[in-house]
Amino acid sequence: VQASPDAIVALGELGRVPAKYVDIEATVKTLWEPSSPKMAQVGLLEDETGTTKFTSWTRSQVTVVAEGQRVRIRDAAKNWYQGRCSVAFVGRTNIEFPDRDDWW
């Protein structure tokens with residue numbers, strides 16, 4: 001079910017979902033200084049099933065996120081590094097803010 005288009009994938013299940021691009025909903029737990037000028041942001045996303053690292057690439061011009069924000073991310077690209085699954089915000093990625101949308 002989580003591999004279905006538009007299905008929200010739990011962070012704890014990212015590595016098991018065969019899709020290359022995933023939709024996730026999580027809270028931005030931590031941000032840290034990018035190690036390269038090609039990176040706009042780097043940090044950790046968290047939901048009730050786990051955490052995963054994300055990288056937002058500068059050339060993708062994706063919306064900036066802040067620590068503590070709840071985000072819904074559409075079409076994040078799954079990556080593997082040293083046996084761990086992470087996600088990248090790429091040109092096709094769309095970031096929504098459910099709490100902000102409810103408020104507006």
Side-chain angles (χ1 to χ4, degrees):
V1 172
Q2 291 191 30
S4 303
D6 296 325
I8 300 294
V9 177
L11 295 179
E13 300 296 319
L14 276 177
R16 294 183 188 101
V17 175
K20 181 176 180 172
Y21 295 96
V22 293
D23 296 347
I24 53 181
E25 190 166 324
T27 300
V28 180
K29 181 179 180 178
T30 306
L31 294 171
W32 57 83
E33 196 65 35
S35 61
S36 165
K38 294 181 180 185
M39 297 175 180
Q41 289 188 291
V42 181
L44 285 179
L45 297 171
E46 179 178 56
D47 69 9
E48 61 278 351
T49 67
T51 60
T52 193
K53 179 184 173 191
F54 77 89
T55 303
S56 179
W57 297 100
T58 302
R59 75 179 194 173
S60 298
Q61 298 180 333
V62 176
T63 303
V64 173
V65 297
E67 287 182 1
Q69 284 182 318
R70 188 167 65 100
V71 292
R72 185 175 301 126
I73 301 154
R74 306 278 184 196
D75 287 331
K78 275 185 15 184
N79 294 306
W80 288 91
Y81 181 72
Q82 295 182 348
R84 294 185 56 103
C85 188
S86 63
V87 292
F89 301 168
V90 295
R92 68 187 274 170
T93 302
N94 184 41
I95 299 176
E96 302 166 0
F97 301 89
D99 295 335
R100 184 187 305 167
D101 294 343
D102 291 344
W103 186 78
W104 289 111

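All figures in this text were calculated on a predicted structure; none of them were measured in a lab.
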Quiz item: Between Ala10 and Thr49, what is the shortest heavy-atom contact and its length?
Solution: CB-OG1, 3.6 Å

Practice problem: Using the ring of Phe97 (Phe, Tyr or Trp, six-membered ring only), decide whether Arg70 places NZ or CZ under 6.0 Å from its centre and within 45 degrees of its axis. | Solution: no

Quiz item: Same hydrophobic cluster for Leu11 and Val42, using side-chain heavy-atom links shorter than 4.5 Å among ILVMFWY?
Solution: no

Quiz item: Hey, are the side chains of Gln61 and Phe89 touching, using non-hydrogen atoms and a 4.5 Å cut-off?
Solution: no

Quiz prompt | Side-chain heavy atoms of Ile73 within contact of Thr93, under 4.5 Å | solution = yes

Practice problem: Mind listing the closest non-hydrogen atom pair of Ala88 and Asn79 along with its distance? | Solution: CB-ND2, 3.2 Å

Exercise. Taking all non-hydrogen atoms of both residues into account, name the closest pair between Leu14 and Cys85 and its distance.
Key: CB-SG, 3.9 Å

Practice problem: Would you check if Pro34 and Gln41 make a side-chain contact, meaning some heavy-atom pair closer than 4.5 Å? | Solution: no

Self-check item: Gap between atom NZ of Lys78 and atom NZ of Lys20 - 0.5 Å precision
Solution: 11.0 Å

Quiz item: Tell me, do Thr30 and Glu67 make a side-chain contact under 4.5 Å, heavy atoms counted?
Solution: yes

Quiz item: So, do Arg74 and Glu96 sit near enough that their side-chain heavy atoms are less than 4.5 Å apart?
Solution: yes

Exercise. Among Thr27, Thr51, Ile24, find the one that has a side-chain contact (heavy atoms from CB on, under 4.5 Å) with Leu45.
Key: Ile24

Quiz item: Does the Lys29 side chain pair with the main chain of Gly68, one donor and one acceptor, at a distance under 3.5 Å?
Solution: no

Quiz item: Would you say the side chain of Phe54 lies within less than 4.5 Å of the side chain of Val65, judging by non-hydrogen atoms?
Solution: yes

